[in-house]
Amino acid sequence: MRKNDLLRQSSVPWKTVTRQRAHNQTNPGSEPGETREDGRSLKLAAIDIGSNSIKLAVVDAAASDSFAVLARERDVVRLGHETLRNSHLSPDAIERAANCVKRFRSIAEARGAETIIAIATASVREANNSAEFIKVVEKHTGLRVEVLSGIEEARLIGLAACQGCAPQGVTNINIDIGGGSTEISVFRDGTPLSLFSVKIGAVVLTEKFVLTDPPKSKEMSNLRNEIRAAFERPARELRGMKWQQASGTSGSILAVGATLRSRTSSDTDCKNQPAQPAEEEIALSRLARLNITLASKSAVERRALPGISAQRSEIIVAGGQILEGAMRALGINVLRTCDWALREGVIIDRLRELEAESRPPMPGFGDQKLRGVHAVGRRFGYEEAHSHQVTRLAEKIFDSLAPTENLSRHQRTLLSAAALLHDVGYHIAHESHHKHSLYLIENSELTGFSEPERAVIANIARYHRGPLPKERHAEYAALNTADRETVCRLGAIVRVADALDRSHDSRVSDLRCTREGDFVRIQIRSAVECENELREAERKREMFEEAFHCTLDFSVYQPKAKRARSTHGKA
C-alpha cells in the first residue's frame with residue numbers, strides 16, 4: 001500500500017507498535033508484534049508501481065503528521081504501455097518492474113527502512129495476469145505487492161494532498177492524472193468527503209487517440225469527447241459541493257505547472273524575484289492556451305519546452321487535455337500543484353494505523369476506518385440493530401482473548417467490519433445469504449481497506465454460518481496461510497456472537513469471556529430468557545474450539561435470579 005522517504009527532523013517522541021503483514025511488507029530487524037518504546041522514530045518506505053513510472057519514498061517519521069523524507073527515486077518503466085490497451089502485462093514489462101522494485105528495496109534498506117510497502121495501480125489492476133505479476137515480483141524482491149482499487153488510490157492521494165498542501169479546516173478537491181486512471185478526491189481535515197476513479201489516463205488515452213505526431217485535429221476532437229464523457233458522472237455527483245481550494249498531483253500536472261511558470265518568467269525575472277513556493281498556480285485559461293500549443297508541436301518540439309522531459313513529451317498532450325477537461329467539468333478556474341501524492345498518502349495512512357495500534361481499542365462504531373463499512377451496510381439494507389449487537393459482542397470476546405491469543409488491533413478492525421456486514425447477503429436472497437455476503441463485500445468499495453483486507457473481511461463474514469472453512473471453498477483457498485488463520489479465528493468469534501443474538505432483539509446485555517487452560521468460558525448476562533441464543537451458540541461452537549484449541553463453555557447470569565447455570569456438560 002505504500003512508499004519511502006527522507007531526512008530526520010522531528011523531535012516529537014512517538015511510541016510505536018510495529019507489526020508485520022506477510023502479504024505486503026517486510027520488516028527487517030524486528031519481530032511481528034514487537035513494541036518499540038525507546039522514543040526513536042520509525043523509518044518507512046513506499047514503492048508506487050504506476051503505469052508510466054515506479055517511484056520510491058523513504059521517510060523518518062515521528063508521527064503521521066511529522067516525518068521527513070530521506071530519499072526519493074523515480075524510474076520510468078512504462079508498465080502501462082500496451083498493457084492498458086491489451087489488458088496484459090508482457091514478460092519484458094514484468095521483468096523491468098521486478099528489477100526496479102528490487103533496486104528500490106536495496107535503496108530503502110540502505111536508508112534503514114524497517115518497513116517497505118509496495119503498491120500497484122491501474123496497469124496492474126487492469127491486467128488479466130496481475131496474479132502472475134505479483135508472484136514474479138515477490139520471487140525477485142521478497143516484497144508482496146498490493147494492488148489498490150481505484151477508490152482506495154483516490155483516498156490515499158487525497159489524504160496526501162489534504163495533509164501536505166491544504167491548510168487545516170479547508171475543504172480541498174484534488175485531481176491526480178495517472179497513466180491509466182484519473183482520481184478525484186474531496187477531503188477536509190484528513191477525512192474523505194467524496195472519491196472517484198475515472199478510467200482515463202495520460203498513457204491509455206495517448207495510445208488510443210494520439211496516433212500521429214503532432215496529432216491531427218480529428219484525433220484531438222475524439223480525445224476531448226472521450227474526456228468530456230468520462231467526467232460527466234463526477235461532475236453530476238459533485239454538483240452543489242463546496243470547496244475552498246483545488247490542488248493537482250501527478251507528473252503530468254507538475255509538468256504543466258512548471259511549463260506555465262517558465263512561460264511567464266524571463267531569465268531576468270527569475271534572477272531578481274524573491275524565493276517562490278514550490279507549488280505552481282494553474283489557471284484554466286492559461287492551461288487551455290498551453291494545450292493548443294502542445295497539440296501543435298511534435299514530441300521533439302515539446303521536449304524542448306521547460307518542465308517537459310523526453311518521456312513526458314510523449315503523453316503530455318493527453319495529460320494536459322485530461323486536466324483541462326476535469327477543471328471545466330468541475331468548475332475549477334484555478335488549482336495549485338502539489339508534489340505530495342500516492343507515496344506520501346501510503347506512508348501517512350500506515351503511520352496512522354500504527355498510531356491507532358498504540359492506543360487502547362475503541363468500540364467499532366468509533367473507528368474512523370469503519371465509516372465506509374457502515375455506508376456499505378446501509379446501502380444493502382442491513383439490519384442495523386442486529387449488526388451492531390453482533391459487533392459489540394464479537395469485540396468483547398476478541399478483547400478478552402487478545403492478550404493470550406496474540407490478536408492484533410488490526411485484526412480487531414477486520415473483525416468489526418465483518419461483523420457489521422455479516423448479513424448483507426440478505427440483500428440478494430435469504431437462502432445461502434452468507435455466500436451472498438462474501439460476494440457483496442468482495443465487490444464493494446470499502447474505503448480505507450485494501451483488496452487483500454477486503455477478501456479477509458468477506459471470508460470472515462461468510463463463515464458466520466454454514467460449513468466450516470475448507471480447501472474446496474475457492475475464496476478461502478485463494479488466501480495465504482496467515483490470512484486463512486485470521487479468517488478461522490475471527491470467523492469463529494463472529495459465528496458465536498451471531499448465535500448470541502439469535503432472536504435479533506439484543507437479549508444479551510453483556511458478556512464476560514475468560515480462558516482457563518483448555519477451557520474458554522463465556523458468561524452471558526441477560527434479564528430475560530436466552531434459550532434460543534444458548535442453543536444456537538452450542539450448535540456453533542465447533543469452529544471456535546478448533547480455531548482456539550479449547551473447549552467452549554457457556555453460562556448465563558440473570559440478575560434477578562442471582563445465580564449462574566452451566567449449559568455445557570464438559571465443564
Side-chain angles (χ1 to χ4, degrees), residues 149 364 370 372-395 397-398 411 413-446 449-480 483-508 531-547 552:
S149 69
L370 295 176
V373 175
H374 288 284
V376 170
R378 287 190 290 270
R379 186 196 317 159
F380 294 123
Y382 76 150
E383 190 178 342
E384 192 162 347
H386 171 64
S387 296
H388 286 195
Q389 171 72 348
V390 171
T391 304
R392 184 176 70 87
L393 298 178
E395 288 174 343
I397 296 171
F398 180 97
Q411 289 175 317
T413 301
L414 300 179
L415 171 89
S416 300
L420 286 167
L421 298 179
H422 74 282
D423 271 348
V424 293
Y426 279 123
H427 180 76
I428 296 177
H430 180 278
E431 185 178 356
S432 297
H433 74 270
H434 54 299
K435 297 179 183 178
H436 300 316
S437 292
L438 180 145
Y439 173 81
L440 290 176
I441 295 169
E442 280 201 317
N443 291 278
S444 295
E445 290 290 357
L446 292 180
F449 293 98
S450 66
E451 188 171 336
E453 287 175 319
R454 195 164 65 239
V456 171
I457 293 167
N459 274 276
I460 295 168
R462 183 251 186 273
Y463 292 112
H464 81 273
R465 67 184 295 274
L468 274 56
K470 293 180 175 63
E471 287 286 346
R472 68 171 182 265
H473 298 163
E475 293 83 0
Y476 174 75
L479 301 174
N480 63 32
D483 286 342
R484 287 189 197 182
E485 182 182 1
T486 296
V487 166
C488 289
R489 302 178 95 194
L490 303 189
I493 293 174
V494 173
R495 200 175 179 94
V496 169
D498 180 57
L500 293 176
D501 196 42
R502 180 70 178 84
S503 302
H504 286 225
D505 58 3
S506 301
R507 292 183 174 222
V508 176
E531 293 302 321
N532 285 341
E533 280 68 24
L534 290 169
R535 191 162 44 246
E536 186 71 3
E538 286 285 346
R539 193 175 69 83
K540 285 187 170 183
R541 61 186 173 83
E542 180 185 359
M543 185 174 174
F544 190 101
E545 291 179 338
E546 288 189 8
L552 182 60

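The first residue of the sequence shown is numbered 1, and numbering continues consecutively from there. Any value given below was found using the heavy atoms of this structure, including those in side chains, with hydrogens, waters and symmetry copies removed.
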In Å, rounded to the nearest 0.5 Å, how long is the span from [atom1] of [X] to [atom2] of [Y]?
X      : Y      : atom1 : atom2 : result
Ser387 : His504 : OG    : NE2   : 8.5 Å
Leu552 : Glu538 : CG    : CD    : 7.5 Å
Leu490 : Gln411 : CG    : CD    : 5.5 Å
Leu415 : Thr391 : CG    : OG1   : 7.5 Å
Arg454 : Asn443 : CZ    : CG    : 7.5 Å

Do you know which two heavy atoms are closest between [X] and [Y], and how far apart they sit?
X      : Y      : value
Ala497 : Val390 : CB-O, 3.5 Å
Ile457 : Ala417 : CD1-CB, 3.8 Å
Gly425 : Ser437 : N-OG, 2.8 Å
Gly491 : Met543 : C-CE, 3.8 Å
Leu438 : Ala458 : O-CB, 3.6 Å
Leu370 : Ser416 : CD1-CB, 3.6 Å

Considering only heavy atoms from C-beta outward, does the side chain of [X] approach that of [Y] to under 4.5 Å?
X      : Y      : result
Val508 : Asp501 : no
Cys488 : Glu546 : no
His388 : Leu420 : yes
Arg484 : Glu471 : yes
Ser503 : Glu533 : yes
His422 : Tyr382 : no
Arg379 : Ser444 : yes

Kindly write out the residues that satisfy side chain to side chain contact (heavy atoms under 4.5 Å, CB included) with [X], not counting sequence neighbours, or none if the list is empty.
X      : result
Ala478 : none
Glu431 : none
Arg535 : Glu531, Asn532

Residues that Phe449 engages under ring-ring contact (aromatic ring centres under 6.0 Å, His included), provided they are two or more places apart: none
For Phe380, all residues meeting ring-ring contact (aromatic ring centres under 6.0 Å, His included), sequence neighbours excluded: His427
Atom CZ of Arg502 with >12 non-hydrogen neighbours under 6.0 angstrom: no
OH/Tyr426: more than 12 non-hydrogen atoms of other groups inside 6.0 Å: yes
Pair up each side-chain donor or acceptor in residues 459-469 with any protein partner under 3.5 Å, not counting sequence neighbours, and list the distances.
from	atom 1	to	atom 2	distance (Å)
Asn459	OD1	Tyr476	N	3.4
Asn459	ND2	Ala455	O	2.8
Tyr463	OH	His473	ND1	2.8
His464	ND1	Ala461	O	2.7
His464	NE2	Asp423	OD1	3.2
His464	NE2	His433	NE2	3.2
Arg465	NH1	His434	ND1	2.8

Test item: Arg541 side-chain N/O and Val496 main-chain N/O as donor-acceptor pair under 3.5 Å: no
side-chain contact (heavy atoms from CB on, under 4.5 Å) between Gln389 and Asp505, intermediate numbers included: CA-CA 9 Å; Gln389 171 72 348; Asp505 58 3; over 6 Å; no
Candidate pair Glu453 and Thr413, rule side-chain contact (heavy atoms from CB on, under 4.5 Å), full reasoning: CA-CA 10 Å; Glu453 287 175 319; Thr413 301; over 6 Å; no
